[in-house]
Amino acid sequence: MGTESIDIKHIARVEGHGSLYVTTKDGELVDVKMAVDEGARLFEAFLQGREYTEVPEIACRICAICSASHRVVSTKAVEKAMGIEVDQQVTDLRRLLIWGEYIESHILHALYLALPDYVGHESVISAAADFPDVVKIALKLKKLGNDLQILTGGREVHQVTPMIGGFSAYPSHQDLEVLRERLQDARSDLQVCLDVWAGLEEPQFERETDYFALRRDDEYALVGGDLASLSGVRAPVEDYKKYIGERIPEYSFAKAGIRDGHGIFVGALARLNINRDLLSPFAKSALKTLGIDLPSYNTFHNNAAQLIETAQVFDMADATISSLLSSDLEWHEPETTPKAGKGTAMTEAPRGSLVHSYEFNKNGLLKTADIIAPTTMNYTNMEEDVRALFPQIAGGSKESIELMLNRLIRAYDPCISCSCHVAKVR
Amino acid sequence: MQLQVKKENVYVPDLARLVSKRKMSGTETLFEFEFVEDRLRDLFDYRPGQFVQLSMFGIGEAPFSISSTPTRKGFIELGIRRTGSVTNAIHNLKLGDIVGIRGPYGNGFPLEALKGRNLLFVAGGIGLVPLRSLINYVVDRRSQFGDVTIFYGTRNPSEIIFKDELASWDALDDVDFLMTVDKGDKDWKGNVGVVTTLFNKREIDPNTVALVCGPPVMYKFVVDELLKIGIGRDEILVSLERRMKCGVGKCAHCQIGHKLTCMDGPVFSIFEVEQLQEAI
Amino acid sequence: MGDNGKPSVGIFGLTGCAGCQLNILNIEDHLLDILNLVDITTWVMAKQENSEGPWDVAFVEGSVAKKSEIERVKKIREKSGVLVAIGACATHGGLPGLRNFRDISEMTQIVYGENNDHIDAIPIKPVSAYVDVDYELPGCPMEKTEFLEIVKSLVMGKRPYSAQYSVCGECKALENICLLKEGKFCMGPVTQAGCNALCPSNGAVCEGCRGPAPEANWAAEVKILKKIGATPEDVRRKFLKYCPSVAEMPEFKELEF
Amino acid sequence: MCPSYVMNQGDITKLIESARDSFDIFGPVKKRTKHVFDKIDDPAQIEMDYDSTILSPRKFFQPPSEVMMTFDLEEKSVDDTLENLRAERPRLLLAVHSCDLNGILLLDKVFGGEYVDHYYNIRRDKTTIVGLNCLEPCEYGFCRSMNTHHVVEGYDLFLTPIDGDRYFVQVGTAKGEHLIHMAENLFTLAETGDVQSFKNALKHKQEALPHEVDLEGINEYLDLSFSHPVWDEIAEDCVNCGACAMVCPTCYCYDVVDELDISLTSADRTRKWDACLFQDFALVAGGHNFRETPAARLKYRFYHKMRGFANEYGIIGCTGCGRCTAACPSDISIKEVLKRLSTIWEVPVSGVK
Ligand SMILES: Cc1cc2nc3c(=O)[nH]c(=O)nc-3n(C[C@H](O)[C@H](O)[C@H](O)COP(=O)(O)OP(=O)(O)OC[C@H]3O[C@@H](n4cnc5c(N)ncnc54)[C@H](O)[C@@H]3O)c2cc1C
Ligand code: SF4
Ligand code: SF4
Ligand code: SF4
C-alpha cells in the first residue's frame, strides 16, 4: 500500500469546474482538498461603481442556475439600501419567479444529475434510452419550471423583467390561468417521480452538522424570514456574518464557509430539517411517499429533499397565482430614486442560502458588495463529509470509491461557478 | 407570352429528377434535370435567357439561368457554380435525386427582335452558361439569323467550361468562335489576354446585336469596345444577376432603381442599365 | 463521427456562469431529438464519462479568464472539426469582462484579501482571441433557437441562418414601443439581432448582450443616447457592458463620446 | 350607387358584438402609450380616436413571418399552406385610416399582377375593412402632401365622424353592405342633413390637414440628386436598423428561408419581413454587394418608394403615414428629407452618372 491519491478532476454533472483531491496512506485518509478550478471573475470588485439599477442584472450573471434567486435577492438588497417598498403584486411576481426556479432547478438536479447514479447510468443522456418515460416526465416538469420563470421574468436564464421597484412587464391573467392549469396537471407527473425515487436506495451515511436556513413562522421559508439553524440560532439576516464565516483555501479559487472551525450545511435538506413543521399538504404526502424521518442527517437525502420541496413549491405556486389573479395586473413603470445606504438581503436559492449585501453612495453607485453563495457555505462541510464517509467506503475498488465520492459531492447540488466569487475575508 | 406552366401557387416548385451530371471545372458542374411528371416535360417551355428557381428542400432556393435550349426538349440543363448552401447541396446530388423547380421566369432574350440580325456573343467565365442557351438556339435555327460571332474568355484554361461544345461551335462554318484566357499555362496554345483583346482580331459590323454575360468587372470594358464599334446602347444586351428570393416580382431583392431583375430582366439593354443607377 | 455514425459533439465550459450550457438542457422539447442527431461524447456538466476527443463539433462556453484556459481552448480547437463559441463570454468576453477596465490585482485584493497569490486572473478575452472560431452564437445567454439552428445546419451541411441586422428590426416587427423614444438607453439599434428583441419586448432596454450588429453605426447611436440624456460615461459603459472585446476594435477607439 | 348611412359613434361596440359570430375582429387598441391593431376580444378595448398604429395594416395581409409550404424530405413532397389560409375565419378590420387604405391598395398591386400571390390575396379577400376618416392631423403624418387623405376605393365601409357623435357611413363594396345587414338596427339611411354634415366634416378636414411637402417635380429632383452628398449626410444618422421598413404600410420585401424540423425529415419554407436597409439585402454569392454602403441602402429605400413605385405603378409608394418617422431611433423624418431634396434646386446638382 502506501500513499495513494484519488484525484477526481472535474467533478462531473455539477455546474462549473471543481476537483476533489483525496490522499490516503495505507488505506487511511490523510487529506481532503476540494478545489474550485473556475476562473475567478471578481464580481464583487467590478460591481463597485455600477449603478444601483443594473446591479441585479450584473449580479445574476454570477450563476445561471440560480439566476432568479440572485436577481431577486440582489434587487431586495438594493431596495433595502434605498428604502424602496414594493406592492403585493410585485412581491407575488417575484415569488412566482422563484417558485419556477425551484421546480426547474430541483428537477434538473435530482432527476438529470443525481438520478443516473441511482440507476447505474453515467448520465441522463444514456439513462434516456432505458427510462424514456421518467426522462420525458422530468423534461416536462423542468419545462414547467422554466415557463414559470419565462412568464414572470421574460427568460428562463438571466431574467430581463425584474427591476428595482418592480417589473418591466407583467404577465396577463390569461397566461397565469394557463400556467396554473399546467401546474395542476403536473402534480401527477411529480407523483410519478416521487414514486420512482421511493423505490431507490439511498446510501446510508449519517453525520450531524450545523444546518442553516431561513425560517419564518407563517410559511415554509424560501424567501423572507430570519436566519436560523437546526441547533436553535435565530437572527435577523443582517447578522449573517456572525454565523457564517469564510476561509480561503490556498488550493482553490473559492472561499469556504465556516462556523466555529467547522462546516455548515445549507440547502434543501437543511430547510426541510428546520422548517419541517410548516410543510404544505403535497409536501407532507411527498415526505411520506419517500419515507424520510426528519430531521435527517444523511447528506444523500438532500436529493429526496429537493423533490419534497418541489411538491411544497407546487402548493405555494398555486397560492401565489391565486393571489396574482385577484389583483389587476395593471403594469406601471417602477420609478425609483437613488439614495445612499446599506442593504442586506438573504434568500434560499434552490441549492441553499444566498446573501447579497451592498453599500451605495448618494448617487446610487455601488461602494461595496458582499455576496455569499450556497456552495461557498457548504464547501467546508463537503470536505468534512468526505472525511466521514471515507472509512465507510475505503474497502471498495478505486472506481467505487471515486463514484461514491462523486455522488456525495453531487448530493449537495453544488454550483461551482457560483462559488468562485464569494465574500470578503474577515 | 405566358410561358409559365399554369398552376395555382406560383411559389410551389414542381418535382424534377437529376438525370445527368457533368463536371465542367473545379467548381462548376452541368446538371440535367427532367420533371417527374411527364406532362410537364412537354409543357415546360422557355426562352433562352430565362431562369428557374431551384429548390433544395430544407436548404433553400436559388435562381439559375437555363443553359439548355428550348429547341431540344424534355430536359433542362443548369450550369452551377458551387458557392454556398444551395449550390453545395446541388453539387452533392446523386443521379435520380429529386429537387424542386419552378419557372421559367424573366424576360429572356428578345428572340423576335434578334431574327435576321448579326449576333455577337461575349461571354466571360460562367457567363457562358446563360448565353449557351441562346447560342445553341441560334445554332439549331441558324438560318433565321445573320452573322454569328462568339467571344469567350476565362481567367485560365482550367476554368474553360463546355469544352466539347466549344469545339463543336468552332467546327461550324457559319459560326465564328474565338476564345482567350487571361493567363495561360504550359499547355495553352490559344489567345492570351482579357476578353476585350479579341475585339482586335475581328471586324465587327456596327449593325450587330451584342449579347454580353460575365462577371460584373467585365461589363464596363466590353461595353466600351462595343460602343466604339458603333453598336447602339439598346442593341447591347446583358444578363444581370441579383439576389433573388421569389423570382416573380414580389420579394423586391432584385430591384434595381425602378426595375425588377426577375420580371423586367434579367436581360437588359445597356441603355436601360445606364438609366438604372447602381445597376452594375 | 461517433460510434453510431452521428457527428460527435463536445460541450465545454471555460469561465462563465454555465448559463449557456444550462440553456442546452433547457431545450426540453427537443433535447431527445438533439441526442438523435448527434453523439455528445463530452459534457462534464451532464455526464460522468467523458471522451478526450476528437470531436466533430465543439461548443465552447465561457471566456478565457485564466492562463490555463488558453492551453485548454487550444487543445479543444486542435481536436475539433468545427468550433462554435456559445454565449457572450465566449464570443465577446461577456459581462465579467467588466473587470478588464480596472486593475486586476486591486480587484483580487478586494475579493480575496491579501491571501490571493493563487488567484490566476488575466484580462478576459473571447475564445476567438486565441483560436479560430467557426461560428459564434452570441447573447447572454445564447439563444436556444440559434443553438438548434446550428446543430441542424451542421448535420445537414447548410450554412446556419443568421440575421444581418440589429435588434430594432426584430423589435419593430414585434410591434414594440420604441424605448429610446421613451428616453431609455436602448442598445437595440447597434446590437446583433437573433434574440427576437427579447428585452424590448419585455419592456426592458436592450443591453447589447449580443454584441455589435454588422456595420453598426455607433456614432449615430452615441448621438441618440446623448440626445436623450446619457452622459459620455453612460454611453461608454453601455457599449462595453457585455462585450469587452469591443474596446479592442479600431472603430470603437475612434468613437467620440 | 349604394346609399349612405349614418350610425352612432357609440354603437361601434354593438357593431363588434353583431359581427362577432361571423368574424375575427381587429381594430386599434392601446399598447402602453401607443396604439396597435390587435384582436378585439372585448368591444370596450377599441379606441376609435387613435393617432396612428405602430405597425401598419400590412401585417394582416403579409404577416411578419409565415410558412409558405412544408416539405416532406423523405417522401419528397410539397404541401403549401393555402388551404389552411382559406379555412381561416373571415376578418373584420376596423378603423383603418385613409393613408393606410391607400397603402393597402398599393400592396394589392404588388401582390397581384402577372403572378398572383395567393397568400396575400386570400387574406385580403377574407378581410372586410371598415375605414375611418381622419378629420384632424396626426403627429407625424403628412397624408395631404402625398394625396392619400382621400380614398375612393379599398374600403368596404368608410366612416366619417359627423356632428360629434355619429358616423357618416359610405358603402364601398357588397362586403360592406353585408356588414350593414348584419347589424341593420345600428344604421339609418343618410338624409339631406347628414350629407350636409358630411360635407362640413370634409371641409373641416381640408382646413385642418396641412399641406407640407410640394411634390411638384419630385421625379426630377430625385433623379438629379442621386449622387448628391445629402445622402451621405442623412446616412450619418441612420443606424440601418430597418425600423422604418418594418412599420411602413407599403414596404413589402421579404426574405425566404427553409427551416428544418429537428428530426431533419421535414422543413418549412418561411418568408419573413426583410428590409432593403439590411446589409445583406443585395449581397450575392461570392460576396459582391450591390449596395455596399449604408448610405446606398438608405438612399435606395427613398428611391424605391418615390421613384420605383411611380415608374412601376404610376403612384408614389409613400402614403405619408409618418410611421417611419415615428419609428426611427435617430428621428430621421421622411417629410424633412423630401423637403430638403426639393430645395436642392438651389444648390449645384450633380447630374445623372
Ligand atoms: C437570374 C439569375 C441567374 C443565375 N444563374 C446562375 C447560373 O446559371 N449558374 C450559377 O452557378 N449561378 C447562377 N446565379 C447565381 C446563383 O443564384 C447563386 O450562386 C446562388 O443563389 C447561390 O446560392 P447558395 O445558397 O449556394 O449561396 P449562399 O451564398 O449560401 O446564398 C444564400 C441565399 O442568398 C441568395 N443569393 C446569394 N447569391 C445570389 C446570387 N448571386 N443571385 C441571387 N441570389 C443569391 C439566394 O437567395 C440564396 O438562397 C444566377 C442568379 C440569378 C439572379
Ligand atoms: S426599443 Fe430599442 S430595439 Fe426596439 S426599436 Fe427602439 S431602439 Fe430599437
Ligand atoms: S434585447 Fe439585447 S440585451 Fe436583450 S437578449 Fe437581445 S441582445 Fe441581449
Ligand atoms: S415611407 Fe414612411 S411615411 Fe411613407 S408610407 Fe412608409 S412609413 Fe409611411
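Each chain gets a letter, A, B and so on, in the order its sequence line appears, and its residues count up from 1.
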What part of D:Val256 is in contact with chain B, defined as an atom under 4.5 angstrom from a non-hydrogen atom: side chain, backbone, both or neither? both
Please check if the distance between the ring centroids of D:His118 and D:Phe111 is under 6.0 Å. no
The residue among B:Arg102, B:Lys245, B:Arg243 that forms salt bridge (charged side-chain N to carboxylate O under 4.0 Å, His left out) with B:Glu61 is B:Arg102
Say whether D:Tyr119 and D:Asp80, considering side chains only, have a donor N or O and an acceptor N or O under 3.5 Å apart. no
Tell me, side chain or backbone of B:Ile98 under 4.5 Å from chain D's heavy atoms, or both, or neither? both
Side-chain heavy atoms of D:Leu298 within contact of D:Ile234, under 4.5 Å: yes
So for D:Leu283, is it side chain, backbone, both, or neither that comes closer than 4.5 Å to the heavy atoms of chain B? both
Is it true that the NZ or CZ of B:Arg132 lies under 6.0 Å from the centre of B:Phe162's six-membered ring and within 45 degrees of the ring axis? yes
Under 6.0 Å from the ring centre and within 45 degrees of the ring axis: does the NZ or CZ of D:Arg123 meet both conditions for the six-membered ring of D:Phe61? no
Please flag which part of D:Asp255 lies under 4.5 Å from any non-hydrogen atom of chain B: side chain, backbone, both or neither. both
So which of D:Asp72, D:Asp117, D:Leu260 has the biggest tally of heavy-atom pairs under 4.5 Å with chain B? D:Asp117
Ranked by heavy-atom pairs below 4.5 Å to chain B, first place among D:Glu259, D:Arg269, D:Arg271 goes to D:Arg269
Please classify the contact between B:Met244 and chain D as side chain, backbone, both or neither, with a heavy-atom cut-off of under 4.5 Å. neither
My understanding is that only one of D:Thr81, D:Asp268, D:Thr270 makes a side-chain hydrogen bond (donor to acceptor under 3.5 Å, both in side chains) with D:Thr70; could you say which? D:Asp268
Name the region of D:Asp79, side chain, backbone, both or neither, that has any atom closer than 4.5 Å to a heavy atom of chain B. neither
Salt-bridged, B:Asp14 to B:Arg39, with N to O below 4.0 Å? no
Does any heavy atom of chain D fall under 4.5 Å from the side chain of B:Thr87, the backbone, both, or neither of them? neither
Heavy-atom pair count under 4.5 Å with chain D, highest-scoring of B:Ile59, B:Leu15, B:Thr83: B:Ile59
Counting only heavy atoms closer than 4.5 Å, note whether D:Tyr120 contacts chain B via side chain, backbone, both or neither. neither
